[in-house]
Amino acid sequence: MTTLTVTRTTLLKDLRMEWRSKDAINSMLFFALLVVVIFSFAFNPTAEESRMIAGGLIWVAFLFAAVVALNQTWARELRNQVLDAYRVSPAPPNALFLAKAIGNFLFVVVLECLMTPLFVIFYELRSIGPVWQLIVVALLGTWALVVNGTFFAALSIRTRSREIMLPLILFPISIPALLGMVDATTSILTGEATPDFWIKLLAVYDIVFTAICLMLFETVLNAE
Amino acid sequence: MTTLTVTRTTLLKDLRMEWRSKDAINSMLFFALLVVVIFSFAFNPTAEESRMIAGGLIWVAFLFAAVVALNQTWARELRNQVLDAYRVSPAPPNALFLAKAIGNFLFVVVLECLMTPLFVIFYELRSIGPVWQLIVVALLGTWALVVNGTFFAALSIRTRSREIMLPLILFPISIPALLGMVDATTSILTGEATPDFWIKLLAVYDIVFTAICLMLFETVLNAE
Amino acid sequence: MAGTSEPHPPPVILLDNLVKFFGRFAALRGISASFAPGRLYVVLGDNGAGKSTLLRVVAGLMEPSQGSISLLGAKRIREVAPRIGYMGHAPLLYDELSGMENLRYFAGLYGIPDDEVSRNAMRMVGLDPDLPRRVGQYSQGMRQRLSLARAVLHDPELILLDEPFSNVDVHSARDMAAVLGRVRDQGKTIFVVTHQAALMEDVADEFVHMAAGQIVSRDEVVRKSVNVGSMR
Amino acid sequence: MAGTSEPHPPPVILLDNLVKFFGRFAALRGISASFAPGRLYVVLGDNGAGKSTLLRVVAGLMEPSQGSISLLGAKRIREVAPRIGYMGHAPLLYDELSGMENLRYFAGLYGIPDDEVSRNAMRMVGLDPDLPRRVGQYSQGMRQRLSLARAVLHDPELILLDEPFSNVDVHSARDMAAVLGRVRDQGKTIFVVTHQAALMEDVADEFVHMAAGQIVSRDEVVRKSVNVGSMR
Amino acid sequence: MKRLALITLPLTLVLLAVSSYLALVVAPTEATMGDVQRIFYYHVPSAWVGGFCFFINFVASIWYLWKRSPRSDALAAASAEVGVVFCAVLLIEGTLWARPVWGIWWTWDARLTTTLVLWLIYVSYLVLRRFSAGQTQVMAAALAVFAFADVPIVYMSIRWFRTQHPSPVMGGGENSGLAPAMLQVFLVNLALFTVLGILFIWLRYKLETAEQALESAHAQAALKGAA
Ligand code: HEM
Ligand SMILES: Nc1ncnc2c1ncn2[C@@H]1O[C@H](COP(=O)(O)OP(=O)(O)OP(=O)(O)O)[C@@H](O)[C@H]1O
Ligand SMILES: Nc1ncnc2c1ncn2[C@@H]1O[C@H](COP(=O)(O)OP(=O)(O)OP(=O)(O)O)[C@@H](O)[C@H]1O
Ligand SMILES: [Mg+2]
Ligand SMILES: [Mg+2]
């Protein structure tokens, strides 16, 4: 009954439920495709301009897709108030948080893996900088979004009009991370600057916010 | 007990509930603000480039904000299954549809009125074409989004994973309208082309889809 | 089976071989029955017997898969919608509005402009029409009362109630049962689905037992004929 | 008041001037009480009396605004969490998983790796552990039984049940009440909030009446002492 | 049904082989594009079959809304699925063709955009069919009406774009028309694809109605079992 065991069981349970319905996964994929298409419609990408804003476009698209996913995080736990069952049990609260955050992380990463090729095709992107740097940026950036998102989704489940609350608190807090992701991506794509500073920023951001989330989650979960 | 009377009572009831909680309005506004801010971070607007993509940016922002609002449309009616109370009553189904569509329209228009100045400030927009045309485009475009959105929200309440279904069916169908809005807006802002064709297109789109919605709503409402 | 001394009145509900499938599962398995007006029927049965489904089909909320219904003489339920009252498992009320605001809105749907009607409905179930509290802050018992008021607001001839006493405390439940008895005495036909038969013993005219999607038996309650006409 | 022949066992629950505010409204208004182990308490009271609030506070789901609780000898409820079972208004189950999958997960939360425990819990409430159906497709009665199995899975000493019989048919409710009686006979302390006191008459040890946020009276049930020890 | 499939499937396979032989070997090589142009013999028929399927879907859906006949719903489902497949094939062929000829995978011109939107719309239709809980048929039929109404609007709206995609080869202006040798091969392929499309719809339709029949047989059995 250590944190790790419970994290694992909870994660497996979530994955099983996800896998069983497959709804969420499938529909998210289609949603991601639509976001890419809508963006390309709206911005009518031509070779030169698009390279300049592609970093921003990609991350904004990921952000919207992720928010939709994050909003569903706790929905399942709230449906029959199953969260209460977790809360009365002796299982450590942080295990629940970690399981949810990791689940969301996997989910959003899958999403990104499928959206990126589409962006590449539609915007005819080619990276001038090294691709592995892009991957590092993507992983760090995704964790930044997801860890805060999971936490704030937990905060916002106690509020009325839940869906809307999440972006409201998530977006402002995430702005530094978003800035880091966008600028790092653009630097790598255009090869004009090194993304080192931004990568460091993202790493620090991840560490700080993961720590804060783990410290505060118990309080948030048990507030009633 | 004509359609109009019921439409009015239902609309007033919705407005009163909204006014009382102000949840949706307040949070939507803040959301809209955030979207604008996030966009300006992600796209780092500079005078020349921004003018080119501003039409797209504005409408994508409106679209996402609207989807959040539309998803809430039926939430209130579903909460205690109040919809059943409407369905057993002799009130005409289309009255409910019209009330919801008009309510959403008002809502999104208010939103747009508050977001537009922000865009103007952040992107230093100036319209070269006549401003009244922008207003016509906005009204027609908003109705196009809202009328279909209200209908599809009613469709998607019957599905599993509701929130995600709405954009999935709304976005593809709305692409012509979106295209019309974006291109008309860009033509007016840059003053490079006349938006007449797009305005006509939007008008046709509005008429066709409003008619279809009114024709099919009863069927969808009573399907069980 | 009815055995009344008067000539048979035309039935309020006539069910002919009613079947309702959910996918492969038959929730109603060929129900044929007829129900006379002015009586209070109590529908009993285990969980999943099909009680709610029957009520929803009769209320016109669901299409039957097979068979036909004739309601108050009409074949199309929509035609007689103004003459039917329905109360479901859920309260069918807006949490954000006060009791009167709720009733006023629903009265509007039935084309009743008069506020007094809503006020009377609230009084009938023992609620204060001037209570400003929102329904979200009502206790379960008050909510169920208000829900009953909503169902009978437009003075329907046929009233369908699905577990009106669930989670309601004993006092409130007794009060509500008494209200139902009075409404029946005004000549309305009432169907009450409940798991608490004891509550209805004093006022019921007939117990209808359902099991596995069928009506398995109907027991008429023989009462000293106090309430035939003297109580109006 | 207890008047037992044995020496007083230490109380399972000791409430000292418990107060719970929701905003300005006091849902619990200074409850002081002590409850002995191995007994089945039935908590009765009108809607809004504060029964659910009391149970949630005792289960550690809510902090009391004033006053203190001592549970199984501990001051901090989290320390004794493994020894408490709780069942709420809602089923506290995942609709998308089967009965066994649900129980297995919750067993995991209590550090019980053994599948047999979950299977036994299902059998105890009269469900088939091998039923592949998802809980979403269970009938209301089955769901409440499973919910009860979830609450008692880890063999807790103190069991808190909030309206376990709501919307459950008479047969299932009787079965569940009998299960509760057997669990009590194993020496557990049980609190049942319900509006159907009649169901519990045969197994209850004490009726606790609540009104307006207070315990107004406690009636001990005097029974021919069959179940003191012979039935273990 | 089984017999039909047994006869038609080998037959179509043979025909497919013949037509591929015609398209890939017999037809003359096009002057400017070279052998890549041979995709043409698959490209246009795929497009035509896709459009045809969506039309059937529309008619069947309207019919369903009117008569509530489960068979027309089965036809609607079948034709939408086949249509999405052919449309997807078309998109893939198109991108494969575009890469060597235009040097890019994709461009937002009228033809390509409308095709993509068409595909997206009908994928969303399938998604709805998949995820709706109860009353799938009515929901899907309603969406089908919206979808088909949208197609002409999409098509018109994007007319305005400068197109990179070839304009109609046949029945176009003066200089339009294919070389006779090409035309023959093209017509054979077109006919074959049409047959193939109809066959697929037919098989899917049979499967769907068989499923419906099974479902209702089960239901009736359940009904009898308890009575
Ligand atoms: C993804 C890319 C493409 C898509 C989605 C696409 C789609 C279509 C569609 C929908 C048609 C209409 C068929 C009809 O009118 O019945 C068509 C016809 C045609 N396409 Fe494409 N196409 C693509 C790429 C290409 C390329 C790269 C070429 C060659 C350069 C090409 C050449 C043609 C020709 C010659 C026709 C026949 C025109 C006619 O006779 O009407 N297409 N295509
Ligand atoms: N929408 C639905 N989809 C699938 N099955 C359903 C649906 N509604 C009801 N059922 C099934 O039909 C059967 C009858 O359900 P119904 O709700 O009518 O029972 P009930 O007699 O009202 O039971 P309860 O006392 O629990 O309310 C149950 O087995 C239930 O699982
Ligand atoms: N979260 C909350 N916020 C505000 N008020 C609340 C909240 N929960 C309960 N109340 C109020 O506290 C009072 C007691 O509620 P509680 O749910 O404990 O009653 P109960 O005895 O369980 O009633 P019931 O029999 O209806 O379940 C009620 O008046 C209720 O309106
Ligand atoms: Mg029921
Ligand atoms: Mg309670």
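Numbered from 1 within each chain, the chains take letters A, B, ... in sequence-line order.
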- If you count heavy-atom pairs under 4.5 Å between each of C:Thr194, C:Val168, C:Val170 and chain D, which one has the most? C:Val168
- State the CD-CZ distance between C:Gln137 and D:Phe25, to the nearest 0.5 angstrom. 10.0 Å
- Starting at CG of C:Leu199, measure out to NE2 of D:His195 and round the result to the nearest 0.5 Å. 11.5 Å
- Item | Crowding at CZ, C:Arg174 (>12 non-hydrogen neighbours, <6.0 Å) | no
- Query: Of all the residues in residues 153-164 of chain D, which have a heavy atom that comes within less than 4.5 Å of a heavy atom in chain C?
  - Reply: D:Glu163
- D:Ser172 versus chain C, the contacting section by heavy-atom distance below 4.5 Å: side chain
- Task: Identify the residues of residues 89-99 of chain C whose heavy atoms come closer than 4.5 Å to a heavy atom of chain D, ordered by number, or report 'none'.
- Result: none
- chain C-proximal positions within residues 40-50 of chain D [heavy-atom distance under 4.5 Å]: D:Gly45, D:Asp46, D:Asn47, D:Gly48
- Message: List the residues meeting side-chain contact (heavy atoms from CB on, under 4.5 Å) with C:Arg104, not counting sequence neighbours, and say none if there are none.
- Response: C:Met100, C:Glu101, C:Asp115
